[in-house]
Amino acid sequence: MDDIWDLKVLRDTYLEIDLDQLASNVAAIRRHIGEDVALCAVIKANGYGMGAVDIAQTLIENGASCLSVANLPEAMELRKRDSSWPIWVMGHTPDRYLKVAIENNIELTVFTLSQAEQIQEIARTKDKIQRVQIKVDTGFNRLGFKTTRKDLKSILNIFKFPNIKVAGFFSHLALASYEEDLMQLKRLLNLKPYFETYDMERAVKYHICDSISAIAYPDFRLDMVRIGAALFGAKSYRYPDFPVKTIAKFKTRISHLKTIESGEGVSYDYKWRASKKSLIATLPFGYADGYPRNMSGQGEVVIEGSRYPIIGVICMDQCMVDVTELEGAHVGQEVTIFGSDAISIDEISQKSGTNKNEILSRLMQRVPRIYTKSGNIDHIRNDLL
Ligand SMILES: *Cc1c(COP(=O)(O)O)cnc(C)c1O
């Protein structure tokens with residue numbers, strides 16, 4: 001790495017993010033869903049740890065028609081970067097912050113009449129037309145209007161507000177079983193005839209799919225799909241051949257090496273003791289970088305193409321690896337923690353008892369992100385500097 005780049009990293013543990021792979025993942029998803037279905041790129045939680053503002057342009061350039069996030073601060077981070085990106089908050093925006101969203105052209109999610117009334121009032125005083133997505137609870141029981149007569153009446157009223165444009169109706173699948181997912185889909189589609197007369201331009205988008213369902217259920221894609229995990233290469237275990245690949249490699253370098261004698265313990269509580277004379281490498285990453293602490297005793301890293309076990313308890317900032325079998329081990333030697341073919345994010349999530357999204361979205365701010373394009377460094381994000 002050149003010196004100018006190195007000055008933005010300042011540590012040996014970093015995340016390498018391949019923007020070309022991101023572009024090909026988006027292209028693969030676009031091909032799969034077809035021309036008539038819009039692609040909303042979900043980049044909440046700092047783009048699943050990938051750096052929302054750093055990947056947004058690549059997503060837009062490769063066919064994402066909107067960027068969605070969970071909350072208003074996430075939307076504002078994107079808006080500060082680009083005034084033209086279409087940005088939508090999928091979650092709840094508290095009433096007292098609606099004004100900020102409207103002033104910054106951020107699309108909102110609405111699921112009560114009172115929210116809509118306040119949006120109407122603010123938009124009117126600012127002489128704006130505010131776009132909203134109406135959330136419908138078809139059975140997930142998280143957010144949304146129910147499909148009761150009373151709630152349908154509320155939705156009808158929203159269509160009549162002059163300063164609100166209803167841009168979509170959406171719901172979210174529980175993915176518990178196909179039959180129940182189908183029931184949820186039907187509840188959403190049942191609204192269509194009811195509101196068609198109010199959708200003068202036929203511009204209201206209906207959508208219900210996330211990554212898994214967009215891939216699994218072609219008939220559910222409707223007007224748009226909301227894709228997060230698949231953008232970053234996560235595949236459903238049901239579709240191992242879906243042509244997306246992990247875009248991030250989590251890497252570090254050996255910071256120290258020592259030989260210990262049989263019977264010596266390593267790390268807190270001596271949960272691991274050497275059964276013979278052993279060569280131990282110290283690595284400068286720990287659970288405060290986002291690597292799960294419960295990988296202690298079961299995690300492995302890859303050095304020169306082979307696996308080496310993480311031994312003893314993983315510390316906050318460091319962990320130890322048994323490299324007795326590694327010939328020519330040296331300080332500064334490159335180590336892959338996960339993200340390569342050799343050691344997948346899937347493996348880490350399964351061993352640590354969580355899902356891939358949690359592993360990625362918990363990668364901490366203190367891990368610098370190095371973005372590559374055409375084999376070169378495109379830019380580096382280090383939020384600490
Ligand atoms: C997070 C989220 C998605 C994307 O889910 P993935 O499984 O990552 O594709 C879609 N819709 C909503 C409402 C979400 O909150």
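Counting convention: from 1, in listed order, for ligands and their atoms alike. What you see is a predicted model; the values in this text were computed from it and never measured.
- Ligand-side atoms of ligand 1 in range of Ala229: 6 (P), 8 (O), 9 (O), range being under 4.0 angstrom from any heavy atom.
- The distance from ligand 1 to the heavy atoms of Asn357 drops below 4.0 Å at these ligand atoms: 8 (O).
- The aromatic rings of Phe242 and His32 sit perpendicular to each other, their planes meeting at more than 60°, with 30° as the lower class boundary.
- If you check the side chains of Ser374 and Asn376, you find no donor sitting under 3.5 Å from an acceptor.
- A heavy-atom distance below 4.5 Å is not found between the side chains of Asp151 and Phe111.
- Listed by chain and number, the residues in a salt bridge (charged side-chain N to carboxylate O under 4.0 Å, His left out) with Arg11 are Asp289 (sequence neighbours excluded).
- Scanning the protein for heavy atoms near atom 7 (O) of ligand 1, the closest one is Asp210 OD2, 3.7 Å.
- Using a 4.5 Å heavy-atom cutoff, the side chains of Val9 and Trp5 are not in contact.
- Remark: Glu77 pairs with no residue by the side-chain hydrogen bond (donor to acceptor under 3.5 Å, both in side chains) rule, at least two apart or across chains.
- Of the protein's non-hydrogen atoms, Ser211 OG, 2.5 Å is the one closest to atom 9 (O) of ligand 1.
- Ligand 1 places these atoms under 4.0 Å from at least one heavy atom of Gly228: 4 (C), 6 (P), 8 (O), 9 (O).
- Checking His207, Lys44, Arg226 against atom 14 (C) of ligand 1, the nearest heavy atom belongs to Lys44.
- Near Tyr48, the atoms of ligand 1 lying under 4.0 angstrom from a non-hydrogen atom of the residue are 1 (C), 4 (C), 5 (O), 6 (P), 8 (O).
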